[in-house]
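As a basis for the values below, the full set of heavy atoms in this structure was taken, side chains included, without hydrogen atoms, waters or symmetry mates.
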Amino acid sequence: MPLALLALAVGAFGIGTTEFVMMGLLPNVADDLHISIPTAGHLVSAYALGVVIGAPLLAGLTARLPRRRVLIGLMVLFVVGNALSAAAPDYHLLAAARFLSGLPHGAFFGVGAVVATGLVAPERKARSVSLMFLGLTVANIVGVPVATLMGQQLGWRATFLAVSAIGLAAIAALALLVPADHGHGDAVGLRGEMRALGSLPVWLALGTTVAGFGALFAAYSYVTPMLTDAAGFAEASVTLLLALFGVGATVGNLLGGRLADHSLRGTLFGGLGALVLVLALFPLLMKAEWSAAVGVALLGMAAFTTGSPLQLMVMEKAAAAPSLASSANQAAFNLANAGGAWIGGLALAAGLGVTSPAVAGAALAVLGLGVAAVAYAVDRRRTPATAPARVVTGAVPPRPVSHRG
């Protein structure tokens with residue numbers, strides 16, 4: 001695999017760290033800025049709002065620019081947002097800085113996925129996307145715990161300065177490792193890209209992302225009370241168990257990328273089916289500490305097995321605007337985060353039990369399977385078997401390389 005994928009993974013590591021670290025720093029931020037923890041929680045929402053708005057907007061506005069330049073520009077914006085977060089004197093400016101930090105998130109993953117697939121042979125496209133996403137999953141194992149500990153010991157502002165340094169390292173890696181002649185897509189214009197994004201197969205693929213990852217976040221958003229109240233873990237053990245989720249997500253991400261290169265649809269259906277099973281069994285798995293630990297790892301593995309197939313599918317269905325569609329998929333992921341957490345909260349509020357969010361998540365995963373099945377049926381009617389969809393990368397064809405393993 002090309003070293004340029006390492007540069008994309010470094011950027012993904014920084015983005016993943018800054019996205020999730022705020023959740024662990026809420027008490028520290030609240031104390032320092034003299035606000036309540038629920039008010040500090042709006043900082044998480046501010047970042048997510050930036051992702052949802054910035055993903056399609058920045059991808060559309062930069063569609064005609066060389067993609068290496070776009071990626072570097074997005075990371076510059078990322079560094080500025082995190083540096084401003086570190087320097088913010090009050091809650092309102094911090095919320096604005098978090099919103100700014102979120103703007104490049106979706107576009108970076110969207111454009112990065114197109115670059116990644118353009119750097120490898122066609123039979124390795126899904127694997128290349130999974131290697132970029134590896135930075136995101138590893139952030140949950142290493143980056144978030146270390147950054148949280150740094151914030152607790154040195155102050156939360158030190159955390160965002162460290163994340164800014166990661167962004168600078170990503171800029172250097174992108175400049176050095178991504179080929180300078182990596183071009184841009186067809187200049188169809190913003191209106192043409194919106195037309196490509198508006199097709200039924202694209203929206204079905206995005207709907208699968210919302211339902212599938214909504215299933216994950218319906219359960220994961222409330223995994224801490226499940227682990228403490230149902231499985232009997234002490235609160236001090238939760239951080240280690242969340243790292244176990246990150247390990248499962250990393251394994252699932254790599255497995256999904258490898259399998260999707262052989263059968264994209266099969267991997268997607270298999271991952272969603274596994275997610276339904278794991279979430280349906282969650283109430284039983286939470287009855288003992290050992291099975292709860294296994295369940296947390298399996299949850300991450302099943303959910304992230306679908307990540308690369310979904311990203312690649314959206315890009316294929318909007319072949320005339322892969323960067324915009326890929327970025328829109330990241331916005332869909334964040335909508336799934338918010339929507340899944342809301343649905344899981346409804347199950348808890350209804351008094352259905354501490355593990356009820358997982359059951360609600362299983363229902364969402366079934367919905368995701370249904371949407372994926374409809375998408376498959378639509379594809380069989382629209383696309384002849386002899387004319388598979390093609391991802392337009394605008395890349396210079398890669399030099400012949402020897403692929404082993």
Side-chain angles (χ1 to χ4, degrees), residues 1-13 16 66-68 70-71 108-138 170 173-174 176-185 205 208-209 249-271 301 303-323 325-327 329-330 333 379 383 385-405:
M1 286 290 177
L3 280 176
L5 295 177
L6 175 62
L8 297 173
V10 172
F13 178 82
R67 291 188 175 120
R68 185 178 75 161
V70 171
L71 289 170
F108 181 88
F109 279 108
V111 177
V114 178
V115 170
T117 57
L119 291 168
V120 299
E123 67 272 13
R124 292 191 172 216
K125 286 183 176 180
R127 208 177 311 177
S128 70
V129 173
S130 73
L131 288 176
M132 180 186 70
F133 283 151
L134 185 64
L136 181 65
T137 56
V138 170
L174 290 167
L176 291 173
L177 300 179
V178 175
D181 57 355
H182 202 294
H184 46 75
T208 306
T209 296
T250 300
V251 173
N253 173 56
L254 293 174
L255 181 65
R258 181 172 289 271
L259 293 177
D261 280 327
H262 297 285
S263 175
L264 192 151
R265 291 280 186 184
T267 304
L268 179 58
F269 281 118
M301 185 183 299
F304 278 86
T305 297
T306 67
S308 298
L310 282 169
Q311 192 77 18
L312 196 59
M313 186 176 298
V314 170
M315 292 162 60
E316 288 182 345
K317 300 312 170 190
S323 296
S326 184
S327 300
N329 195 50
Q330 293 301 311
F333 178 88
D379 279 352
T383 308
T386 56
R390 180 175 64 92
V391 176
V392 179
T393 63
V396 175
R399 297 177 181 176
V401 293
S402 175
H403 298 297
R404 300 182 182 274

Quick check for you: to the nearest 0.5 Å, what is the distance between [X] atom [atom1] and [Y] atom [atom2]?
X: Asn253; Y: Thr306; atom1: CG; atom2: OG1; value: 10.0 Å
X: Leu255; Y: Met301; atom1: CG; atom2: CE; value: 7.5 Å
X: Arg258; Y: Arg124; atom1: CZ; atom2: CZ; value: 7.5 Å
X: Gln311; Y: Lys125; atom1: CD; atom2: NZ; value: 13.5 Å
X: Ser130; Y: Leu312; atom1: OG; atom2: CG; value: 10.5 Å

Looking at [X] and [Y], what are the two nearest heavy atoms and their distance?
X: Ser308; Y: Phe133; answer: OG-CD1, 4.3 Å
X: Val178; Y: Ala4; answer: CA-CB, 4.0 Å
X: Thr137; Y: Leu134; answer: OG1-O, 3.0 Å
X: Phe109; Y: Ala12; answer: CE2-CB, 3.5 Å
X: Leu8; Y: Ala116; answer: CD1-CB, 4.0 Å
X: Asn329; Y: Val314; answer: OD1-CG2, 3.7 Å

(message) In the structure I gave you, are the side-chain heavy atoms of Pro179 and Leu119 within less than 4.5 Å of one another anywhere?
(response)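 Heavy-atom side-chain distance check passes, below 4.5 Å.
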(message) Using the rule side-chain contact (heavy atoms from CB on, under 4.5 Å), only one of Leu268, Leu254, Thr267 pairs with Thr305; which is it?
(response)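 Going through Leu268, Leu254, Thr267 one by one, the side-chain contact (heavy atoms from CB on, under 4.5 Å) with Thr305 is satisfied by Thr267 alone.
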(message) Under a 3.5 Å distance rule, please check whether Thr117 uses its side chain to pair with a backbone N or O of Val114 as donor and acceptor.
(response)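 Side chain of Thr117 to backbone of Val114: a pair is present.
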(message) Can a donor-acceptor pair be found, under 3.5 Å and without considering hydrogens, that links the side chain of Asp261 to the backbone of Ala126?
(response)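 Confirmed, Asp261 side chain pairs with Ala126 backbone.
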